[in-house]
Amino acid sequence: MLIDFVPTVAGVSLAEAPAFKKAPGGAPANVAVGISRLGGSSAFIGKVGEDEFGYMLADILKQNNVDNSGMRFDHNARTSLAFVTLRADGEREFLFFRHPSADMLLHESELDIDLIKQARILHYGSISLIDEPCRSTHLAAMSIARKSGCILSYDPNLRLPLWPSAEAARKGIMSIWDQADIIKISEEEIVFLTGSDDPYDDNVVLKKLFHPNLKLLVVTEGSDGCRYYTKEFRGRVAGVKVKPVDTTGAGDAFVSGILNSLASDLNLIQDEKRLREALDFANACGALTVMERGAIPALPTKETVLQFLSKVAAG
């Protein structure tokens, strides 16, 4: 969990930005808030600095009914910061302050084991795999979760500038690939991880990315919706076209939507009709999030999603 500093003016480079506004972020934290908004129960594990920003982030989780008892505060390192801008050409520009930041310094001894054991799903990204001691802590959390019968959910959330090299990123992301029960990736990530030019080729996805332990692989395609692959079936669920204001957090909202449905009933993975309904719901979560600025403020409630879906159905 970190703080994104976003320019107050759209379409400028970081150097041109006249001022920045702070926005709480970090994909797993966004997912935790998203689940809570949808009426689910979630907790966040991670480390921030023992500083004003760290306390602010812990407080934001609390205000959003996310259990923050698994958070730790580091006396020596600062809360992670990122300056993020969407340039006029639509490209995102990132500048990270992590030298090292508190999130990288979460030690295995600081893990709240009971919290992990209570969970039905443990969801994680790949940024926590970049540096020690956080990497070992991440692997330990997965191992504890697996032993206590937890479902493991993985959204690699590629942020290339944070890795030492593209090769290190590929290797790091794939190092835990075969342990996940559920994986969500984007088209760009397929291209990056497989080296294939065609993210739409089912054979590439199935041959290179589907593994025997996987219960569900979802490929998100932005406003076009998503594709899904299970051992039994595969298909596409169309997205909902909306006017985007800010795409930050759309993927995290989608993950919240699907995980919240799965937490209520894991068996829906076996029933294609119900899986498609859950993915429709997740697509709507993503669509609603891009219609507002910022990730956390834009994450929808269950009522909002259901109203939106009935409006779409009515056409």
Side-chain angles (χ1 to χ4, degrees), residues 1 3-4 6 21-46 56-71 118-123 125 151 153 155 157 182 184 216 218 220 222-223 225-226 228 237-266 268 274-315:
M1 193 176 191
I3 296 179
D4 286 334
V6 188
K21 190 179 174 202
K22 59 187 199 300
N30 291 343
V31 170
V33 173
I35 285 167
S36 172
R37 283 269 163 89
L38 293 169
S41 152
S42 64
F44 173 76
I45 290 178
M56 179 193 110
L57 292 175
D59 207 46
I60 284 165
L61 290 179
K62 199 174 170 188
Q63 287 163 16
N64 284 284
N65 299 315
V66 175
D67 180 339
N68 66 5
S69 61
M71 277 182 94
Q118 284 169 40
R120 202 166 274 186
I121 299 173
L122 176 72
H123 176 72
I151 288 288
S153 161
D155 176 359
N157 228 320
I182 297 161
K184 171 251 165 197
L216 175 65
V218 181
T220 53
S223 60
C226 64
Y228 58 89
V237 177
V240 195
K241 296 278 187 272
V242 293
K243 197 172 168 11
V245 174
D246 176 11
T247 58
T248 315
D252 301 329
F254 176 92
V255 172
S256 307
I258 190 68
L259 291 186
N260 195 50
S261 301
L262 288 171
S264 328
D265 182 11
L266 262 171
L268 69 79
R274 287 172 61 217
L275 176 63
R276 290 182 65 90
E277 281 165 9
L279 290 168
D280 229 1
F281 184 91
N283 278 339
C285 291
L288 284 161
T289 304
V290 305
M291 292 160 74
E292 260 186 72
R293 280 208 174 283
I296 287 178
L299 294 162
T301 62
K302 198 170 198 167
E303 274 97 329
T304 312
V305 180
L306 294 173
Q307 274 169 7
F308 178 72
L309 282 169
S310 59
K311 233 190 252 165
V312 171

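Rounded to the nearest 0.5 angstrom, Ser153 OG and Leu122 CG are separated by 8.0 Å. Here the straight-line distance linking atom CD1 of Ile45 with atom CE of Met1 works out to 14.0 Å at 0.5 Å rounding. Remark: Cys285 SG to Lys302 NZ distance equals 10.0 Å, nearest 0.5 Å.
Looking at residues two or more places apart in sequence or on another chain, you find a side chain to side chain contact (heavy atoms under 4.5 Å, CB included) between Thr289 and Ala253, Ala298, Leu299, Pro300. Taking Ala58 as the reference, Asn68, Met71, Phe73 meet the side chain to side chain contact (heavy atoms under 4.5 Å, CB included) condition, with sequence neighbours excluded. Every residue two or more places apart in sequence or in another chain was checked for a salt bridge (Lys or Arg N to Asp or Glu O under 4.0 Å) with Glu292, and none qualifies.
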Tell me which donor-acceptor pairs under 3.5 Å the side chains of residues 274-281 have, and how far apart each pair is, sequence neighbours excluded?
{"from": "Arg274", "atom 1": "NH2", "to": "Asp265", "atom 2": "OD2", "distance (Å)": "2.2"}
{"from": "Arg276", "atom 1": "NH1", "to": "Tyr228", "atom 2": "OH", "distance (Å)": "2.9"}
{"from": "Arg276", "atom 1": "NH1", "to": "Arg236", "atom 2": "O", "distance (Å)": "2.9"}
{"from": "Arg276", "atom 1": "NH2", "to": "Arg236", "atom 2": "O", "distance (Å)": "2.9"}
{"from": "Glu277", "atom 1": "OE2", "to": "Lys273", "atom 2": "NZ", "distance (Å)": "3.0"}

When the side chains of residues 21-30 are checked against the rest of the protein, which donor-acceptor pairs come out under 3.5 Å, sequence neighbours left out?
{"from": "Asn30", "atom 1": "ND2", "to": "Asp252", "atom 2": "OD2", "distance (Å)": "2.9"}

Would you list the atom pairs, donor with acceptor, under 3.5 Å between side chains in residues 304-315 and any protein atom, with sequence neighbours excluded?
{"from": "Thr304", "atom 1": "OG1", "to": "Thr301", "atom 2": "OG1", "distance (Å)": "2.6"}
{"from": "Ser310", "atom 1": "OG", "to": "Leu306", "atom 2": "O", "distance (Å)": "3.3"}
{"from": "Ser310", "atom 1": "OG", "to": "Gln307", "atom 2": "O", "distance (Å)": "2.9"}

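Using a distance-only test at 3.5 Å, with no hydrogens or angles considered, no donor-acceptor pair links the side chain of Arg120 to the main chain of Leu262. No donor-acceptor pair under 3.5 Å is formed between the side chain of Asp4 and the backbone N or O of Val6. Judged purely by atom type and a 3.5 angstrom limit, Thr247 has no side-chain atom pairing as donor or acceptor with the backbone of Val290. For Ser264 (side chain) and Asn260 (main-chain N/O), a donor-acceptor pair under 3.5 Å exists by modelled atom type.
Between Asp246 and Thr248, the shortest heavy-atom contact is OD1-OG1, 2.6 Å. Closest heavy-atom contact between Ala238 and Asn283: O-ND2, 3.2 Å. The minimum heavy-atom distance linking Ala295 with Gly249 is given by the pair CB-CA, 3.9 Å.
The shortest distance between side-chain heavy atoms of Ser42 and Asp67 does not fall below 4.5 Å. For the pair Ser223/Val242, no side-chain contact is recorded, criterion being any heavy-atom separation below 4.5 Å from C-beta on. Looking at heavy atoms from C-beta onward, Ile3 lies in side-chain contact with Met56 at the 4.5 angstrom threshold. Looking at heavy atoms from C-beta onward, Leu57 lies out of side-chain contact with Leu61 at the 4.5 angstrom threshold.
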Between Phe254 and Val218, does a side chain to side chain contact (heavy atoms under 4.5 Å, CB included) hold up when you go through it step by step?
-> CA-CA 10 Å; Phe254 176 92; Val218 181; 3.6 Å; yes
Could you please spell out the steps behind the side chain to side chain contact (heavy atoms under 4.5 Å, CB included) verdict for Ile151 and His123?
-> CA-CA 8 Å; Ile151 288 288; His123 176 72; over 6 Å; no
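Partner Val33 forms a side chain to side chain contact (heavy atoms under 4.5 Å, CB included) with one of Asn65, Leu38, Val66 and no other, that one being Val66. For the pairing with Asp155, the side chain to side chain contact (heavy atoms under 4.5 Å, CB included) check across Val255, Thr220, Ile182 returns one residue only, Val255.
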